[in-house]
Amino acid sequence: MDILIIGLGVIGTTYASVFKEAGHNVEHYIREGSNKEYISNIEVTLLDGRESSKGIQVKKEYTVNPHSKKEYDMIFVSISQGKIANVMEILRKETFKGTILLCCNLWYDKQYLDKIMQGYDYILGFPVAGGCIKIKKKSLLLKLNLIVVYSTIS
């Protein structure tokens with residue numbers, strides 16, 4: 001599956017690394033002028049709860065691939081609800097195509113959300129991750145420390 005992640009935030013980067021590990025092609029759209037624009041590698045630390053209820057700490061290196069095309073199977077968006085209209089404006093301007101997975105804490109009613117999302121199929125999700133991002137400006141290394149509990153649905 002070809003997946004476009006909007007930005008390089010905690011939630012999107014967490015899911016990007018998991019999608020990539022599962023064998024998907026993952027690329028990022030990072031807006032011009034962002035302080036994360038030139039980051040190419042990220043050290044990700046996860047607390048994985050799939051094997052143990054207390055979680056197992058996992059560290060891995062994640063390579064950020066910039067977007068290389070306009071059409072994706074899924075576009076992953078995880079931002080605050082007040083920024084969704086702005087992101088949709090960017091997606092339209094950049095002519096990206098694909099089903100959008102909105103992993104946001106939404107309080108909009110369906111009619112308003114349909115208006116914002118006009119022209120795109122979308123799915124509502126809820127992110128299950130948290131943490132912080134530390135950027136070392138000199139080396140442009142992004143260190144992502146996350147508390148993530150993965151679980152499977154049975």
Side-chain angles (χ1 to χ4, degrees), residues 1-48 50 57-106 108 113-150 152-153:
M1 182 182 287
D2 290 330
I3 301 170
L4 177 66
I5 307 289
I6 302 303
L8 203 55
V10 171
I11 303 296
T13 303
T14 301
Y15 280 86
S17 69
V18 173
F19 291 147
K20 192 174 220 174
E21 190 176 285
H24 301 289
N25 175 49
V26 179
E27 299 180 349
H28 290 261
Y29 173 81
I30 302 168
R31 72 184 185 289
E32 195 174 314
S34 167
N35 65 343
K36 299 172 186 172
E37 185 177 14
Y38 299 105
I39 293 172
S40 59
N41 290 301
I42 300 172
E43 181 184 300
V44 179
T45 304
L46 301 173
L47 185 59
D48 187 338
R50 291 178 287 188
Q57 187 171 349
V58 178
K59 284 189 178 195
K60 54 186 161 183
E61 192 76 17
Y62 173 72
T63 301
V64 178
N65 295 318
H67 72 280
S68 64
K69 53 189 164 187
K70 297 293 184 176
E71 200 162 321
Y72 294 87
D73 299 308
M74 180 174 70
I75 301 171
F76 186 94
V77 177
S78 179
I79 54 171
S80 60
Q81 82 166 4
K83 297 179 181 179
I84 294 173
N86 294 340
V87 167
M88 293 310 300
E89 198 174 299
I90 290 167
L91 293 178
R92 287 184 186 93
K93 179 183 171 198
E94 296 286 340
T95 65
F96 288 123
K97 299 202 180 324
T99 298
I100 297 174
L101 174 56
L102 279 175
C103 279
C104 311
N105 200 359
L106 295 174
Y108 294 139
L113 188 57
D114 285 347
K115 182 179 175 186
I116 292 172
M117 302 302 293
Q118 188 174 22
Y120 285 87
D121 291 330
Y122 68 94
I123 301 165
L124 299 178
F126 192 82
V128 182
C132 66
I133 294 178
K134 298 174 186 174
I135 299 175
K136 296 178 183 178
K137 296 203 181 232
K138 288 183 182 177
S139 65
L140 291 176
L141 169 71
L142 181 65
K143 186 173 184 177
L144 186 57
N145 292 314
L146 300 166
I147 302 299
V148 179
V149 179
Y150 295 108
T152 56
I153 299 172

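Side chains included, hydrogens not; waters and symmetry mates left out as well; all remaining heavy atoms used.
Remark: Arg31 CZ is loosely packed, at most 12 non-hydrogen atoms of other residues, nucleotides or ligands lying under 6.0 Å away.
The shortest distance between side-chain heavy atoms of Tyr15 and Val26 does not fall below 4.5 Å. Between Val87 and Ile79 the shortest side-chain heavy-atom distance falls below 4.5 Å. Leu102 is listed as a side-chain neighbour of Leu113, based on a closest heavy-atom distance under 4.5 Å. The closest side-chain heavy-atom distance from Lys70 to Lys97 is not below 4.5 Å. The side-chain heavy atoms of Lys93 and Met88, taken from C-beta on, include no pair separated by under 4.5 Å. At a threshold of 4.5 Å between non-hydrogen side-chain atoms, the residues Phe19 and Met1 do not count as touching. In this structure, Ile100 and Met117 have side chains that are in contact, with non-hydrogen atoms separated by less than 4.5 Å.
With hydrogens and angles left out, the side-chain atoms of Thr99 and Asp121 include no donor and acceptor closer than 3.5 Å.
Shortest non-hydrogen contact noted between Ile39 and Asn35 is CD1-O, 4.4 Å. The shortest heavy-atom contact between Ile5 and Ala16 is CG1-CB, 3.7 Å. The minimum heavy-atom distance linking Cys104 with Ile84 is given by the pair SG-CD1, 4.4 Å.
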Is there a side chain to side chain contact (heavy atoms under 4.5 Å, CB included) between Leu101 and Val77 once you walk through the steps?
-> CA-CA 6 Å; Leu101 174 56; Val77 177; over 6 Å; no
For the pair Leu8 and Val64, evaluate side chain to side chain contact (heavy atoms under 4.5 Å, CB included) and give the outcome as yes or no after the intermediate values.
-> CA-CA 9 Å; Leu8 203 55; Val64 178; 3.9 Å; yes
From CA spacing to verdict: side chain to side chain contact (heavy atoms under 4.5 Å, CB included), Glu61, Asn41 = CA-CA 7 Å; Glu61 192 76 17; Asn41 290 301; 3.3 Å; yes
Is there a side chain to side chain contact (heavy atoms under 4.5 Å, CB included) between Ile116 and Tyr108 once you walk through the steps?
-> CA-CA 10 Å; Ile116 292 172; Tyr108 294 139; 3.9 Å; yes
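Not one N or O on the side chain of Ser34 forms a donor-acceptor pair closer than 3.5 Å with the backbone of Ile30. When atom types are taken as modelled, the side chain of Ser78 and the backbone of Cys103 share a donor-acceptor pair closer than 3.5 angstrom. In terms of modelled atom types and a separation under 3.5 Å, the side chain of Thr13 and the main chain of Val10 share no donor-acceptor contact. Side chain of Glu94 to main chain of Ile90: no donor-acceptor pair is present (N/O by atom type, distance under 3.5 Å, no hydrogens or angles).
Annotation: salt bridge (charged side-chain N to carboxylate O under 4.0 Å, His left out) contacts involving residues 11-23, sequence neighbours excluded, comprise Glu21-Lys60.
Partners of Asn25 according to the side-chain hydrogen bond (donor to acceptor under 3.5 Å, both in side chains) rule, which considers only residues two or more places apart in sequence or in another chain, are Asp2. Residues satisfying the side-chain hydrogen bond (donor to acceptor under 3.5 Å, both in side chains) test with Thr95, not counting sequence neighbours, are none. Remark: His67 engages Tyr29, Phe96 in a ring pair (Phe, Tyr, Trp, His ring centres under 6.0 Å) (not counting sequence neighbours). With sequence neighbours excluded, no residue satisfies side-chain hydrogen bond (donor to acceptor under 3.5 Å, both in side chains) with Lys83. Listed by chain and number, the residues in a side-chain contact (heavy atoms from CB on, under 4.5 Å) with Gln57 are Thr45, Lys59 (sequence neighbours excluded).
A cation-pi arrangement is not found for Lys36 relative to Tyr38, the charged atom failing to lie both closer than 6.0 Å to the ring centre and inside a 45° cone about the ring normal.
A centroid separation of less than 6.0 Å is found between the aromatic rings of His28 and Tyr62.
In this structure, CG in Leu4 is found 9.5 Å from CE in Met74, a value given to the nearest 0.5 Å.
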